[in-house]
K.L.:
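Before anything else, here's the structure in question.
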Amino acid sequence: MGSPFGEKLSCSSAAGQDTTISIIKDEVEKTIFAGSQEAYGAVISKSKIRAALDQIKFLIEDVRTSKEDPNSTKKFCTGKLKIVFPDAMITDADKTRELQGVNKVSELADNSGAEREANAFTMDIDFNVQPTDDGEKVYSELENADAAPTFVSAILGGHLGYKMVQQSHQQEQQQTQLAEQQEQAALTEQKQATLGEAKAEFDLSTQTINAIWGSIPSDQRDQILSLQRAWIKKKTADCKVEAAQASLDPAERESTRLRCEARMNNERSGQLRRFTYGNDTGY
């Protein structure tokens, strides 16, 4: 049977270009399927990838022969690969990449050497074509094997993985919000516990100094009453200043004030003990 291609196969032949495009699609399918779990949080099925690939238009334009061997049927070709995505794919890919904190599609295109015009991207492609010995089939290989499949995979994967990435992002936000709420609740509880402890220290110190004051002979109390009142005013003022300097938080300020007063009460209690019965050392 005569060969449908034979020596007539050229870089511009539809069979060679179709085979080249099929290779690109196969590589895209493999890339997305293999990396979807890590990139998007769940495996994207091959059937879903193929269905999405069918929505993308692939064309090889401005094809020319870059090299040929007179002793071989292989042709080395170069041209422009045009990839036209549905608008929704690019929109979803942009959203996905934004959520992932990576550059958007336009920057991806620039970094990949692709020229963008609306939803169409054009990039250089080098490939070779060769018929089988019986001339019934055409084999093709990509010279720059990774460039086009990697670029298409990034956009198509972003489209297919958008809802998964969005859901994961929302879950992370909810978890972060819950963690912040729990942390805030724990801090509030801690502040209240600290305030309660400070209040207990203050109450104990107040009971102590009142008891000591009550045990001082009345004539002695009369003599030092004005000093005691002056000390109380200074204690109150000093502790307010100390509290104001400690924090802007009301609970923390109050805890600082109470502990300051407790500390000064205890110090004053030691001084007042000299005036109690059995101590005649004077002031």
K.L.:
Taking all heavy atoms of Val138 and all of Gly16, pick out the closest pair and write down the distance.
P.N.:
CG1-CA, 4.0 Å
K.L.:
Mark yes when over 12 heavy atoms from residues, nucleotides or ligands other than Lys191 sit less than 6.0 Å from its NZ; otherwise mark no.
P.N.:
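Result for NZ/Lys191: enclosed.
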K.L.:
Is it true that atom CD of Glu143 has more than 12 heavy atoms of other residues, nucleotides or ligands lying nearer than 6.0 Å?
P.N.:
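Correct, the count exceeds 12.
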K.L.:
Looking at every non-hydrogen atom in both residues, tell me the closest pair between Leu156 and Ala52 and how far apart they are.
P.N.:
CD1-CB, 3.4 Å
K.L.:
Are Gln223 and Phe275 side-chain neighbours, meaning at least one heavy-atom pair lies under 4.5 Å?
P.N.:
no
K.L.:
With the side chain counted from C-beta on, respond yes when Gln17 and Val63 share a heavy-atom pair under 4.5 Å apart, and no when they do not.
P.N.:
yes
K.L.:
If we ignore angles and hydrogens, is there a donor and acceptor under 3.5 Å between the side chains of Ser140 and Thr19?
P.N.:
no
K.L.:
Enter the distance from Phe33:CZ to Ile44:CD1 here, rounded to the nearest 0.5 Å.
P.N.:
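Reported to 0.5 Å precision, the distance equals 10.0 Å.
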K.L.:
Take Phe121 and Leu81 through the test side-chain contact (heavy atoms from CB on, under 4.5 Å) and record every step on the way to the result.
P.N.:
CA-CA 8 Å; Phe121 299 82; Leu81 175 64; over 6 Å; no
K.L.:
Would Trp213 and Phe202 show up in the same hydrophobic cluster when neighbours are defined by side-chain heavy atoms closer than 4.5 Å?
P.N.:
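The answer is no; the residues belong to distinct hydrophobic clusters.
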K.L.:
Without hydrogens or angle criteria, can the side chains of Lys235 and Asn265 be said to hold a donor-acceptor pair below 3.5 Å?
P.N.:
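Distance-only check passes for Lys235 and Asn265.
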K.L.:
Can you confirm whether Asp219 is buried at CG, in the sense that more than 12 heavy atoms of other residues, nucleotides or ligands lie under 6.0 Å from that atom?
P.N.:
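Above 12, so yes.
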K.L.:
Heavy-atom count around Gln181 CD within 6.0 Å, excluding the residue itself: above 12?
P.N.:
yes
K.L.:
Just checking Glu115: does its CD atom have more than 12 heavy atoms from other residues, nucleotides or ligands closer to it than 6.0 angstrom?
P.N.:
no
K.L.:
Donor-acceptor pair, distance only, cut-off 3.5 Å: does the side chain of Arg274 make one with the backbone of Gln271?
P.N.:
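Side chain of Arg274 to backbone of Gln271, a donor-acceptor pair under 3.5 Å: yes, one is there.
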K.L.:
Salt bridge (charged side-chain N to carboxylate O under 4.0 Å, His left out), that's the test. Do Arg50 and Asp54 meet it? Break it down for me.
P.N.:
CA-CA 6 Å; Arg50 291 191 202 106; Asp54 288 341; over 6 Å; no
K.L.:
Please assess Glu242 against Arg257 for the test salt bridge (charged side-chain N to carboxylate O under 4.0 Å, His left out), listing each intermediate value before the final yes or no.
P.N.:
CA-CA 7 Å; Glu242 184 173 322; Arg257 185 189 70 79; over 6 Å; no
K.L.:
Any link between Met123 and Val84 through a network of hydrophobic side chains (Ile, Leu, Val, Met, Phe, Trp, Tyr) touching at under 4.5 Å?
P.N.:
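Each belongs to a different hydrophobic cluster.
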K.L.:
As an exercise, state the distance from CG of Asp26 to CG of Leu53, rounded to the nearest 0.5 Å.
P.N.:
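It comes to 9.0 Å.
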K.L.:
Please answer whether the main-chain N or O of Ala118 pairs with a side-chain N or O of Arg116 as donor and acceptor at a distance below 3.5 Å.
P.N.:
yes
K.L.:
Compare all side-chain heavy atoms of Ile216 with those of Ile224 and state whether any distance is below 4.5 angstrom.
P.N.:
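Ile216 vs Ile224: side chains touch.
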K.L.:
Run the side-chain contact (heavy atoms from CB on, under 4.5 Å) check on Tyr40 and Leu160 step by step: do they pass?
P.N.:
CA-CA 9 Å; Tyr40 311 114; Leu160 294 173; over 6 Å; no
K.L.:
At what distance, to the nearest 0.5 angstrom, does CD1 of Ile125 lie from CG of Asp62?
P.N.:
12.5 Å
K.L.:
With side-chain contact (heavy atoms from CB on, under 4.5 Å) as the test, would you mind laying out the steps for Asn128 and Lys75 before giving the verdict?
P.N.:
CA-CA 5 Å; Asn128 63 68; Lys75 306 289 184 181; over 6 Å; no
K.L.:
If we only count heavy atoms from C-beta on, is the Gln55 to Met89 side-chain gap below 4.5 Å?
P.N.:
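In contact.
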K.L.:
Please find the pair of heavy atoms, one from Ala262 and one from Ser205, that lie closest to each other, and give the distance.
P.N.:
CA-OG, 3.3 Å
K.L.:
Got a sec: does the CG of Leu248 have more than 12 other heavy atoms crowding it under 6.0 Å?
P.N.:
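No, the 6.0 Å shell around CG holds no more than 12 heavy atoms from other groups.
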K.L.:
Can you confirm whether the side chains of Asp134 and Thr132 place a donor and an acceptor under 3.5 Å from each other?
P.N.:
yes
K.L.:
What I'd like to find out is whether the side chain of Met164 reaches to under 4.5 Å of the side chain of Thr96, using heavy atoms alone.
P.N.:
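Sidechains of Thr96 and Met164: no contact.
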K.L.:
Can you find a side-chain donor-acceptor pair between Gln228 and Arg268 that sits under 3.5 Å?
P.N.:
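Their side chains do contain a donor-acceptor pair, which is all the 3.5 Å distance test asks for.
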K.L.:
Would you please say whether a donor-acceptor pair under 3.5 Å links the side chains of Ser10 and Ser12?
P.N.:
no
K.L.:
Answer yes if Leu59 and Ile23 sit in the same cluster of Ile, Leu, Val, Met, Phe, Trp and Tyr residues linked by side chain heavy atoms under 4.5 Å apart, and no otherwise.
P.N.:
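Unlinked, Leu59 and Ile23 end up in two clusters.
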K.L.:
Hey, are the side chains of Phe58 and Thr20 touching, using non-hydrogen atoms and a 4.5 Å cut-off?
P.N.:
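A side-chain contact under 4.5 Å is absent here.
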K.L.:
Working to the nearest 0.5 angstrom, can you tell me the gap between Leu195 CG and Gln192 CD?
P.N.:
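Reported to 0.5 Å precision, the distance equals 5.5 Å.
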K.L.:
When rounded to the nearest 0.5 angstrom, what is the spacing between OG in Ser112 and CD in Glu107?
P.N.:
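One gets 11.5 Å once the value is rounded to the nearest 0.5 Å.
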K.L.:
From Ser215 OG over to Arg221 CZ, what is the distance, rounded to the nearest 0.5 angstrom?
P.N.:
8.5 Å
K.L.:
Would you kindly confirm whether Phe151 and Ile56 end up in one hydrophobic cluster when ILVMFWY residues are joined by side chain heavy atoms under 4.5 Å apart?
P.N.:
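They do share one cluster, since a chain of ILVMFWY contacts under 4.5 Å joins Phe151 to Ile56.
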K.L.:
Taking the side chain as C-beta and beyond, is there a heavy-atom pair between Val102 and Leu108 under 4.5 Å?
P.N.:
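Result no, sub-4.5 Å side-chain heavy-atom pair not found.
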K.L.:
Step by step, would you call Thr73 with Leu9 a side-chain contact (heavy atoms from CB on, under 4.5 Å)?
P.N.:
CA-CA 8 Å; Thr73 56; Leu9 178 67; over 6 Å; no
K.L.:
Measuring only between side-chain heavy atoms, which start at C-beta, is Thr91 closer than 4.5 Å to Lys95?
P.N.:
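In short, these two side chains touch, coming nearer than 4.5 Å.
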K.L.:
Do Ser13 side-chain atoms and Ala15 backbone N/O form a donor-acceptor pair below 3.5 Å?
P.N.:
no
K.L.:
I'd like to know whether CG of Asp146 has more than 12 heavy-atom contacts from other residues, nucleotides or ligands below 6.0 angstrom.
P.N.:
no
K.L.:
Take atom CD in Gln173; do more than 12 heavy atoms of anything else shown fall under 6.0 Å from it?
P.N.:
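Atom CD in Gln173 is packed in, count exceeds 12.
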K.L.:
Grouping I, L, V, M, F, W and Y whenever their side-chain heavy atoms are under 4.5 Å apart, do Leu258 and Leu204 come out in a common cluster?
P.N.:
no
K.L.:
With no hydrogens and no angle check, is any side-chain donor or acceptor of Gln100 less than 3.5 Å from a backbone partner on Ala39?
P.N.:
yes
K.L.:
Go through Phe76 and Phe127 one step at a time and tell me if the ring-ring contact (aromatic ring centres under 6.0 Å, His included) criterion holds.
P.N.:
CA-CA 6 Å; Phe76 293 87; Phe127 60 101; over 10 Å; no
K.L.:
So, Arg97 side chain and Asn103 main chain: donor-acceptor pair closer than 3.5 Å or not?
P.N.:
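It does hold such a pair.
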K.L.:
Looking at Ser72 and Lys74, would you say the former's side chain and the latter's main chain have a donor-acceptor pair under 3.5 Å?
P.N.:
yes
K.L.:
Does one side chain, of Thr78 or Asp126, offer a donor that lies under 3.5 Å from an acceptor on the other?
P.N.:
yes
